[in-house]
Protein chains: 2
Amino acid sequence: MGASSSTRDRILEASLGLFNADGPASVSTHRIAAEVGISPGNLHYHFRSKPLIVERLFIRFETQLQSSVDASMSVMAIDDLWLTLHLTFETVDAYRFVFRDIDQVMRGCPGLEERVKALTARCLAASKASCASLATAGVLSASESAVEMLAVQFVFGITCWYSFNRLMPRPSAHYGEAARGAYYCLSLLEPHVVGEARDYLNYLRAKYLR
Amino acid sequence: MGASSSTRDRILEASLGLFNADGPASVSTHRIAAEVGISPGNLHYHFRSKPLIVERLFIRFETQLQSSVDASMSVMAIDDLWLTLHLTFETVDAYRFVFRDIDQVMRGCPGLEERVKALTARCLAASKASCASLATAGVLSASESAVEMLAVQFVFGITCWYSFNRLMPRPSAHYGEAARGAYYCLSLLEPHVVGEARDYLNYLRAKYLR
DNA sequence: GTCTATATGCGGATAGAC
DNA sequence: GTCTATCCGCATATAGAC
């Protein structure tokens, strides 16, 4: 299980990098093998088909996103939320091919469609919980329907921000991708935030919006 | 030019339908030809390569979206905005493959990347203008930075709403797709809207949010 | 303009030696 | 586990007859 699982992992790692760069559909198994430095035959020994690679990567992503998002449910202050949002966006960034090329992913692995939707639904629930939590803590002044709306906007940001980002002026920016995504979500709170939490928001704006 | 351009148009129309359904990358020229009822060879007589079909469809989309979006710049009331948003989302819906499969589109037609970004930028400018216009008209109470943020959220919605929608519970819904997208954007105004415009928002909410 | 037939290449996947 | 060699199928695109 030593060298074997190592090769397996290298395949997954290389695939992740290539998928993130070009999308799963545009990455051939030959190219993955070349990237890893093994033969196409060997690759098929470890993964009998390409969708199995995608599926395995998705499972990793699913787990990681779930725990990022779970952490957000109990936030009591706006900088807690900032932290968990940052974590979440880093996860989405690390596996950005999943949401960006969601159609390719689903087409290749039909079984994944339901799981993606379920994952999205859990993100929505967690987002709602975190917003509601902030409202209870007095950080936000928002009606129930406003909280609902905020949660949808959060999930929209989490799932689609990177796609959107590519269409905007500053396209594939430098290091702060995750931070800028997280900042976008956080700034959605702006109309509802009360008290000194507002200062924190302004501090972040100066840093990430420009 | 009679029968000729008719076949050309039928090719474009069929391609649009198939692209919207499955994405350009998953639609072969054979399938387009079969859909139109002509031979693959004939299709290549009219369009020497598949990217040329994509490009032609994009140009149509570009023109149509531009005029939808231009119309929004001069809105003075919230129901004017509703109308133009609806129009905009109908256009995006009619050519939904463009933004949904933007990576495939750009990969196949490298020259389109800049034009997509330019189009997005013009959408942003128009959105900003329309929000600013509403603020001036007293429909919105929003600071300059809030208007900026709203405009970004609008463009985010216009470009990515349909992708997001597929991840959510009620996936590929029935007829009201464009209306629900437009409603999403409009409801982003909620925190800033003042006076009787709020009633209109509530009226729409009862209709589209459920 | 439209067809049939075909060239060409690539990507996924397998067989069998080492 | 890893390789080389190969098969198969599909998609783009072309050639040439009608």
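In what follows, every chain begins at residue 1, and chains take the letters A, B, ... in the order their sequences are listed.
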Quiz item: Under 4.0 Å between a side-chain N or O of B:T29 and OP1 or OP2 of D:dA13?
Solution: no
Practice problem: Indicate whether OP1 or OP2 belonging to D:dG1 is found under 4.0 Å from a side-chain N or O atom of A:Y45. | Solution: yes
Quiz prompt | Closest to the A:S39 side chain, choosing from D:dC3, D:dG1, C:dT2 | solution = D:dC3
Exercise. Round to a whole Å and report the spacing from CZ of B:R48 to C1' of D:dT12.
Key: 13 Å
Quiz prompt | Between B:Q104 and A:D103, a side-chain donor and acceptor under 3.5 Å | solution = yes
Quiz item: Does one side chain, of A:N165 or A:R180, offer a donor that lies under 3.5 Å from an acceptor on the other?
Solution: yes
Quiz prompt | Lys/Arg N to Asp/Glu carboxylate O, B:R166 vs B:D101, below 4.0 Å | solution = no
Practice problem: Check every strand shown and say whether B:S28 touches a base, only sugar-phosphate, or nothing at a heavy-atom separation below 4.0 Å. | Solution: sugar-phosphate
Self-check item: Per A:H30 side chain, nearest of listed nucleotides D:dT2, C:dT14, C:dG12
Solution: C:dG12
Quiz prompt | Nearest-angstrom distance from the residue atom CZ of A:R31 to C1' of C:dG12 | solution = 16 Å
Practice problem: Please tell me which of A:I38 and B:V27 maps to the more 5' nucleotide of DNA chain D, matching each residue to the nucleotide holding its nearest heavy atom. | Solution: A:I38
Quiz prompt | A:S187-A:R205 side chain donor-acceptor pair, cut-off 3.5 Å | solution = no
Self-check item: Along DNA chain C (nearest heavy atom to each residue), the more 5'-positioned of A:G41 and A:S26
Solution: A:S26
Quiz item: OP1 or OP2 of D:dC3 less than 4.0 angstrom from a side-chain nitrogen or oxygen of A:N42, does that happen here?
Solution: yes
Quiz prompt | Contact under 4.0 Å: A:H44 side-chain N or O vs D:dT2 OP1/OP2 | solution = no
